[in-house]
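Input: a single structure, listed below in structure tokens.
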Protein chains: 2
Amino acid sequence: MVRLKDIAERAGVSIMTVSKVLRDAPDISGATKSRVRALAQEMGYVPHALAAGLRTRATRLLGLVIPGIINPVYARLIMAIEDRAFELGFELFLAHTLEKPEREELVLRRLLARRVEGLFVIPVARLGDTPGIYAELIRLNIPTVVLGLAPRFCDRFSRVANDEVGASREITQHLLGLGHRRIAFLAGPTVSPSAQARLEGYRRGLRDAGVEFDDRLIFQCGSTVEDGFQAGLELVRESLGVTALQGVNDLVAIGALNGLLSQGVRVPEDVSIAGFGNILSAENARVPLTTVREPKFRLGIAAMEIMHKLLQGGPPEQRVLRAELLPRRSTAAPAVNTLI
Amino acid sequence: MVRLKDIAERAGVSIMTVSKVLRDAPDISGATKSRVRALAQEMGYVPHALAAGLRTRATRLLGLVIPGIINPVYARLIMAIEDRAFELGFELFLAHTLEKPEREELVLRRLLARRVEGLFVIPVARLGDTPGIYAELIRLNIPTVVLGLAPRFCDRFSRVANDEVGASREITQHLLGLGHRRIAFLAGPTVSPSAQARLEGYRRGLRDAGVEFDDRLIFQCGSTVEDGFQAGLELVRESLGVTALQGVNDLVAIGALNGLLSQGVRVPEDVSIAGFGNILSAENARVPLTTVREPKFRLGIAAMEIMHKLLQGGPPEQRVLRAELLPRRSTAAPAVNTLI
DNA sequence: TTGTACGCGTTATCAC
DNA sequence: GTGATAACGCGTACAA
């Protein structure tokens with residue numbers, strides 16, 4: 001590949017001059033500039049960002065470490081971060097932990113060896129003390145932004161998270177506001193911290209409204225369409241007087257909707273359905289819906305904002321983003337109140 | 001940060017010795033190795049992959065350029081590529097084109113400046129001649145693997161794609177095999193090349209079986225759940241004698257399913273539903289289903305395989321992956337035959 | 001088994 | 001305005 005040196009020789013000037021021209025330094029004559037630029041273009045010069053970075057000690061490299069992107073929730077997050085990073089002139093490494101601590105450590109070490117200037121991390125959930133690699137991040141003073149609900153040991157890092165409890169409560173309040181009093185909750189696996197947060201939001205919503213909590217209305221139903229479907233069938237069988245339904249995510253909600261419909265339950269007159277929109281984004285799930293939108297995209301933007309400040313020497317910062325309620329768009333189809 | 005030099009000084013050896021130790025060179029004594037290693041560990045040495053790369057002229061960097069990840073289809077692809085790349089010791093840059101040619105060019109130039117050794121690209125669709133940046137890739141001889149259906153100008157690059165026509169035909173054949181003769185097709189927007197391919201597969205499936213093509217059975221219905229729902233309602237109204245339904249994707253299929261159920265249509269006795277699984281992955285959409293699985297994950301693996309060969313100087317290679325039919329898992333819920 | 005000299009491609013610094 | 005020199009951190013080649 002063409003180097004500054006090659007251009008310099010053909011132009012009859014020094015390497016330094018070429019370097020300055022290509023960075024548009026102020027102390028080079030217009031004549032030289034245009035001559036050298038033309039030559040660089042003609043010779044197909046491609047700058048060598050790594051070499052430049054070695055010299056300037058600024059790599060403009062960031063790393064994004066996530067469990068895996070089977071979960072499309074991350075898509076919007078990645079998208080937002082990449083987009084802002086790009087605008088700021090950073091390149092983004094993508095790496096997966098697959099939820100394995102050893103892999104997480106390996107991945108982070110490799111990114112450190114690449115001299116990333118900052119890291120976005122969704123840590124592998126684990127109990128106990130600060131893992132060595134995280135201690136390392138602190139020791140090296142690597143700007144790090146933790147995304148989402150995080151283990152205790154992340155307290156010293158910057159963090160952005162959605163207010164999942166608040167968002168779920170808002171859904172519950174919405175359903176209560178529509179007059180529903182018997183709201184079934186499809187709870188998902190309890191190990192998931194976010195599922196727990198959503199259930200907690202449901203509890204608080206009821207409590208705030210003085211509605212009694214009835215644990216027969218809580219269905220431990222997993223998190224898939226099929227799980228939701230089964231819960232829907234069960235719901236019909238049990239005759240608990242349920243008039244509304246809140247799912248831990250949108251798949252469960254859709255499954256339950258199918259389950260209810262398959263049993264001849266009329267919707268939406270009889271039942272309102274709500275759930276977090278993990279899989280179906282607002283654009284994709286264009287069912288008419290009252291949406292409580294969880295700000296996944298804004299989450300990414302906020303994360304990059306914090307990173308930007310950290311890179312400029314700012315202090316760690318923690319933010320919790322609130323969800324927002326969007327109005328229902330139409331009533332043509334069954335109402336699925338989805339919390340994106 | 002600690003450099004080889006620092007370790008060398010404290011260990012009382014030369015930089016070269018330290019360098020060799022850390023790369024586990026064979027010509028260093030065991031004693032020196034353990035002493036230097038211990039010191040490196042103690043001092044918290046982090047290797048500098050960029051500097052090493054500058055010297056060895058091997059960056060072990062790859063770039064993945066996609067339109068944007070709002071479309072979760074890419075998730076599995078990214079996942080597979082990143083995973084294989086990681087195993088082979090490569091780091092992966094992620095960049096979005098947002099479907100804009102200018103942004104695509106900018107993104108690719110920046111990755112070239114990073115000295116990526118190879119590129120995976122989903123090109124921005126455009127008509128006409130080879131865009132300058134792609135000519136550049138050829139000139140620079142950058143190993144490039146084009147993913148998916150690609151514009152004509154990509155003929156000279158390696159490529160992996162799914163056989164969308166064949167996959168869709170397989171779904172149709174499956175439905176025909178179940179005895180259905182009147183299969184509605186929810187066609188999606190015709191601008192999408194993949195939607196066209198899927199419709200074409202449907203046509204061929206019918207033709208092979210000698211079943212007449214009836215364009216009243218084709219519904220131009222968009223690609224969302226709501227679109228599917230509307231199509232489902234329309235379907236019931238029109239009484240076309242439809243007994244099975246094939247959607248251009250899974251959202252449409254689910255929407256249509258809801259539409260049918262909402263009208264009291266009995267499923268699956270009356271109707272079989274099929275669609276491409278763009279949004280709901282096999283793991284998420286655990287409705288009992290006969291699945292025609294499109295190998296998104298395998299697509300990524302194949303792409304990395306080809307890349308691997310290219311990096312070793314192999315010739316360009318084109319592969320088309322076939323879909324595979326998976327058996328139905330259960331009959332508890334409505335059958336949604338999803339093509340993942 | 002260990003060390004020396006040099007170069008990878010670029011930029012900071014400062015002299016001309 | 002322009003250029004000589006050194007350095008960023010590391011590895012190749014070869015000498016000791």
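The chains referred to below are lettered A, B, ... by the order of the sequence lines, with proteins before strands, and numbering in each begins at 1. Quick caveat: nothing in here was measured; it's all calculated off a predicted structure.
In this structure, A:L54 reaches the bases: a heavy-atom distance under 4.0 Å links it to at least one base atom across the strands shown. Using a 4.0 Å heavy-atom cutoff across all strands shown, B:I15 reaches no nucleic acid atom at all.
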**OP:** Assess whether salt bridge (Lys or Arg N to Asp or Glu O under 4.0 Å) is satisfied between A:E91 and A:R60, documenting all intermediate values.
**Re:** CA-CA 6 Å; A:E91 240 66 58; A:R60 309 233 89 182; over 6 Å; no
**OP:** Might you work through the salt bridge (Lys or Arg N to Asp or Glu O under 4.0 Å) test for A:R10 and A:E42, ending with a clear yes or no?
**Re:** CA-CA 11 Å; A:R10 290 236 338 229; A:E42 179 198 326; 3.1 Å; yes
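Per the geometry, CG belonging to A:D24 stands 14 Å off P belonging to D:dG1, to the nearest Å. Atom-to-atom, CG of A:L22 to P of C:dT10 comes out at 9 Å; the value is rounded to the nearest Å. The interatomic distance linking A:I7 (CD1) with D:dG3 (C1') rounds to 17 Å, in whole Å. Note: CZ (A:R60) to P (D:dC8) measures 22 Å, nearest angstrom. Between the CG atom of B:L4 and the C1' atom of C:dT4 there is a distance of 16 Å, rounded to whole Å. As rounded to whole Å, 16 Å separates atom P of D:dC8 from atom CE of B:M1. Between the NZ atom of B:K5 and the C1' atom of C:dT4 there is a distance of 15 Å, given to the nearest Å.
The shortest distance between the side-chain N/O atoms of A:R57 and the OP1/OP2 oxygens of D:dG9 is below 4.0 Å. Residue B:Y45 places at least one side-chain N or O under 4.0 Å from the OP1 or OP2 atom of D:dC10. Look at A:T17 and you'll find a side-chain N or O under 4.0 angstrom from OP1 or OP2 of D:dG3. Side-chain nitrogen and oxygen atoms of A:R3 include at least one within less than 4.0 Å of the OP1 or OP2 phosphate oxygen of C:dG9.
With respect to A:R319 and A:E305, a salt bridge is recorded, a charged nitrogen being found less than 4.0 Å from a carboxylate O. Between A:D83 and B:R103 there is a salt bridge, since at least one side-chain N of the basic residue sits less than 4.0 Å from a carboxylate O of the acidic one. Ion pair B:E105/B:R109 flagged as a salt bridge, since at least one NZ, NE, NH1 or NH2 atom sits closer than 4.0 Å to an Asp/Glu carboxylate oxygen. Ionic pairing of A:R37 and A:D24 is present here: one or more N-O contacts between side-chain nitrogen and carboxylate oxygen are shorter than 4.0 angstrom. With respect to the salt-bridge test (charged N to carboxylate O, under 4.0 angstrom), the residues B:E99 and B:R126 do not qualify. Ion pair A:E117/A:R115 not flagged as a salt bridge, since none of the NZ, NE, NH1 or NH2 atoms sits closer than 4.0 Å to an Asp/Glu carboxylate oxygen.
For residues 28-41 of chain B, proximity to DNA chain C is found at B:I28, B:S29, B:T32, defined as any non-hydrogen atom under 4.0 angstrom from a strand atom. Listed by residue number, the members of residues 107-115 of chain B with any heavy atom below 4.0 angstrom from DNA chain D form an empty set.
When all heavy atoms are compared, the tightest approach of A:D129 to A:F153 is O-CD2, 4.3 Å. Between B:L62 and B:V116 the shortest heavy-atom distance is C-CG1, 4.0 Å.
Sparse packing is recorded around CD of B:Q41, with 12 or fewer heavy atoms of other residues, nucleotides or ligands lying under 6.0 Å away. Atom CD of A:E102 has more than 12 heavy atoms from other residues, nucleotides or ligands within 6.0 Å.
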Could I get a table of every N or O pair under 3.5 Å where one atom is in the protein and the other is in nucleotides 12-16 of chain D?
{"residue": "D:dT12", "atom": "OP2", "partner": "B:R23", "partner atom": "NH1", "Å": "3.1"}

